[in-house]
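The residues of the chain are indexed from 1 along the displayed sequence. Below, each value reflects all heavy atoms present in this structure, side chains not excepted, and no hydrogens, waters or symmetry copies.
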Amino acid sequence: MNIRNFAIIAHIDHGKSTLADRIMEMTATITKREASDQLLDSMAVEQAHGVTVKSRTVRNIYHADDGQEYEFNLIDTPGHVDFNYEVEKSLSAAEGAILLVDATQGVQAQTVVNYRLARQAGIVVLPVVNKVDSASADVDRTENQIRTMFPELKNSPILPISAKTGLGVHDVLEAIVHRLPAPTANDQLPLKALVFDSEYDAFQGVIAYVRVFEGVLSAQTNLTLMANALSFNTKEIGILTPNRLAQTQLHAGDVGYVITGVKDPQLVRVGDTLTETQHPTNTALPGYAPAQSMVFAGIYPQDDYSALKDAINKLALNDPSLHVANAVSDALGPGFYCGFLGIFHLQIIKERLHDEYGVDVIVTAPNVTYRVTQNNGTGDLLTVTNPQHFPDFNKIEHVEEPRMRIELTTPAALLNDVMRLANQHKGEFVDMANQDDLVVLTYTIPLAEIAYSFFNELKSLTHGYASLSTRFDGYAPADVVRVDVQINYARVDALTFVTYRSDVADQTQELVHKLKYVVPRRLYPMPVQAIVEGKSIARVDIPPLRKNAAVNGESHSISKKQQLLRRQNSNKRAAAHSDIELPQEVFDAILTIES
């Protein structure tokens with residue numbers, strides 16, 4: 001079968017999108033006129049950050065040196081650690097992957113993580129070294145790194161290329177033909193197709209991206225999604241070139257799309273199996289677990305709630321890893337409480353709201369999920385994703401937090417620095433193993449400690465030479481407390497956060513002093529307090545915009561001074577929740593406090 005389904009996996013900024021562009025050009029999928037940098041990165045935020053956020057698919061027709069014509073289905077993948085879920089989806093629909101490594105930077109963190117995902121998916125990996133024409137390229141060192149860190153590739157030929165100029169890309173195309181396996185598929189069996197991605201169209205409903213494993217998918221037939229037993233008539237099927245191109249049939253091994261016409265995107269689950277209603281397959285494909293939110297944060301409008309509601313619902317339709325729930329804050333009004341894959345995912349969503357929909361938002365400090373056992377006699381278990389819903393201390397029996405099992409692969413020279421970083425983030429050492437001149441450290445660590453900046457700190461500390469892989473390791477008891485923030489004696493619910501009891505004194509002192517400079521000032525002094533278990537443990541006064549006329553040392557009538565004091569005291573004691581202005585800098589102050 002002259003079909004090759006493959007993905008390109010790489011660390012961020014190693015040239016993956018550029019290689020995809022060259023492959024499309026050299027297979028005449030796009031013309032010179034249509035060519036542009038990062039062609040598959042169509043979103044403005046992808047172009048701005050130089051990263052792939054959402055995987056894309058494109059069919060290429062390659063005329064090989066052996067005189068035959070081959071169908072290449074390229075499934076693009078992200079490179080950032082937050083989007084491992086998108087990588088897993090892409091690999092589930094492929095038989096092979098190109099492992100792309102930058103010769104100027106070598107094997108880096110996400111290179112290792114993506115390689116492990118490919119190995120878990122059981123697909124063939126083709127190693128390629130990019131940017132060999134750069135003055136700072138060290139090809140020999142990079143090849144040695146690949147063979148050392150990935151023993152399975154020790155005897156595999158490594159192809160040197162320059163995706164920017166096209167140098168060596170022809171050899172990559174030939175290697176795809178000869179070294180990556182063709183799909184093993186049978187057109188005669190009942191239809192079995194994997195839904196590996198989806199998007200939503202206001203007019204056509206859910207558009208499912210599918211990989212046909214068995215049978216033939218024909219247009220205008222009645223299909224069933226096996227997980228939800230949902231049946232529908234196909235409106236259109238086709239391939240992506242990269243634009244949609246309608247077809248009458250998709251055969252076993254093909255990758256394409258199905259316009260379902262289903263208006264409720266929750267009914268079309270990514271990972272589901274698609275089959276014919278009249279002649280269904282007996283067993284569904286194993287699929288894979290849905291995306292799990294790692295961090296949660298509130299998103300509130302700066303101006304128009306209805307515009308935010310419309311925009312965020314549209315984003316959720318096209319991003320199954322974004323989980324959205326309604327929320328109401330006393331300080332910020334109606335908004336949404338959302339689950340994200342990580343901090344970078346949150347940043348991408350915020351920028352897309354601004355760039356694509358013109359909506360400016362306020363984002364509260366991110367939080368993770370806690371499990372709280374209440375002391376109400378029945379031991380009810382409460383799952384808390386929003387710190388505002390964290391129970392009062394006198395209603396809690398104990399609290400459990402999510403923990404992750406992490407593997408840190410680091411050069412031996414940086415071992416002490418990496419171990420110190422893990423210890424600073426409350427990591428518990430599990431194991432250490434040697435891998436030639438590399439050391440693999442295993443820790444269990446609270447998710448709250450690695451969800452925000454741990455990956456960036458690791459990259460900075462090791463100059464990108466350490467790798468991080470994580471998996472959920474269950475819940476464990478944690479001594480955490482809820483911190484309520486009061487401004488002008490009014491509790492600001494949107495600033496509530498949960499932290500460790502051992503850190504609370506230092507964090508709250510740092511927080512109130514930061515808030516002193518970012519909360520908008522008034523004509524009278526306003527106290528900022530951090531309240532823990534009913535006690536104020538940190539306080540600072542936000543100075544007024546003007547001097548207090550009653551105490552500025554100038555000569556005024558006693559009656560005027562007393563009148564001003566009474567007015568200021570009245571203002572000070574008024575808990576005016578709706579009157580407190582909270583710019584984004586206020587919430588950023590919580591993110592930047594150090595443990």
Side-chain angles (χ1 to χ4, degrees), residues 81-85 88 109-110 112-113 116-117 120 288-297 321 323 339-346 365-374 379 381-387 389-391 393 396-410 418-433 439-459 461 466-483 497-504 507 590-591 593-595:
V81 67
D82 274 10
F83 297 100
N84 280 353
Y85 175 66
E88 288 184 61
Q110 200 59 19
V112 180
V113 174
R116 288 174 179 165
L117 291 175
Q120 290 169 11
Y288 41 88
Q292 296 295 319
S293 297
M294 300 293 280
V295 296
F296 298 83
S321 53
H323 299 146
F340 304 91
L341 299 175
I343 293 296
F344 187 63
H345 187 206
L346 187 159
N367 186 65
V368 300
T369 302
Y370 293 96
R371 295 200 312 199
V372 181
T373 302
Q374 303 179 80
L381 189 66
L382 181 66
T383 301
V384 180
T385 58
N386 188 335
H389 302 152
F390 202 85
F393 70 98
I396 296 175
E397 180 71 31
H398 66 270
V399 181
E400 295 176 307
E401 65 177 353
R403 295 186 70 86
M404 306 297 286
R405 191 177 186 90
I406 67 171
E407 283 191 357
L408 299 161
T409 305
T410 176
V418 173
M419 292 186 74
R420 191 179 301 113
L421 176 67
N423 292 333
Q424 288 172 354
H425 287 271
K426 299 179 173 58
E428 293 182 5
F429 178 79
V430 176
D431 194 15
M432 179 190 298
V439 178
V440 181
L441 297 168
T442 305
Y443 280 84
T444 61
I445 195 166
L447 173 58
E449 288 290 319
I450 64 170
Y452 308 145
S453 60
F454 183 82
F455 179 63
N456 288 334
E457 289 178 40
L458 179 68
K459 279 201 305 182
L461 182 69
S467 69
L468 169 69
S469 63
T470 64
R471 64 180 174 87
F472 181 64
D473 198 41
Y475 283 82
D479 189 11
V480 295
V481 294
R482 187 188 75 200
V483 179
F497 65 99
V498 176
T499 191
Y500 295 96
R501 188 184 299 274
S502 59
D503 298 335
V504 72
Q507 288 185 353
I590 295 179
L591 269 181
I593 59 177
E594 298 177 358
S595 30

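- With hydrogens and angles ignored, the 3.5 Å screen pairs no side-chain donor or acceptor of His345 with any backbone N or O of Phe340.
- Partners of Asp431 by salt bridge (Lys or Arg N to Asp or Glu O under 4.0 Å), not counting sequence neighbours: none found.
- Closest of all the heavy-atom pairs between Met432 and Leu441 is CE-CD2, 3.6 Å.
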Problem - Steps toward side-chain contact (heavy atoms from CB on, under 4.5 Å) verdict (Tyr443, Met419) - result: CA-CA 9 Å; Tyr443 280 84; Met419 292 186 74; 3.5 Å; yes

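- Residues Thr444 and Arg405 have side chains in contact (heavy-atom distance under 4.5 Å, counting atoms from C-beta outward).
- The line from CD of Glu449 to NE2 of His425 is 6.5 Å long, rounded to the nearest 0.5 Å.
- Closest of all the heavy-atom pairs between Leu382 and His389 is CD2-O, 4.2 Å.
- Aromatic rings of Tyr475 and Phe472 (six-membered ring for Trp) have centroids within the 6.0 Å cut-off, being under it.
- For the atom pair CD (Gln424) and CD (Glu457), the distance works out to 7.5 Å, reported to the nearest 0.5 Å.
- How far CD of Glu401 is from CG of Leu447: 8.5 Å, rounded to the nearest 0.5 Å.
- Contact record, Asp473 with Met404: CB-C, 3.9 Å, taken as the closest heavy-atom pair.
- One finds the CD1 atom of Ile450 at 10.5 Å from the CG atom of Leu458 (value rounded to the nearest 0.5 Å).
- Note that OG1 of Thr369 is 7.5 Å distant from CG of Asn367, once rounded to the nearest 0.5 Å.
- Using a 4.5 Å cut-off on side-chain heavy atoms (C-beta onward), Val384 and Arg482 make no contact.
- No side-chain donor-acceptor contact under 3.5 Å links Asp479 to the backbone of Tyr500.
- Here the shortest heavy-atom pairing between Arg403 and Pro446 reads NH1-CG, 3.5 Å.
- Smallest separation of non-hydrogen atoms from Val295 and Pro366: CB-CB, 4.3 Å.
- In this structure, Tyr370 has no ring pair (Phe, Tyr, Trp, His ring centres under 6.0 Å) partners at least two apart in sequence or on a different chain.
- Heavy-atom minimum distance, Gly427 versus Ile445: CA-CG1, 3.8 Å.
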Practice task
Step by step, work out the side-chain contact (heavy atoms from CB on, under 4.5 Å) result for Val481 and Phe390.
Solution key: CA-CA 9 Å; Val481 294; Phe390 202 85; over 6 Å; no

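- With a 4.5 Å cut-off on side-chain heavy atoms, Asn423 and Phe429 do not count as touching.
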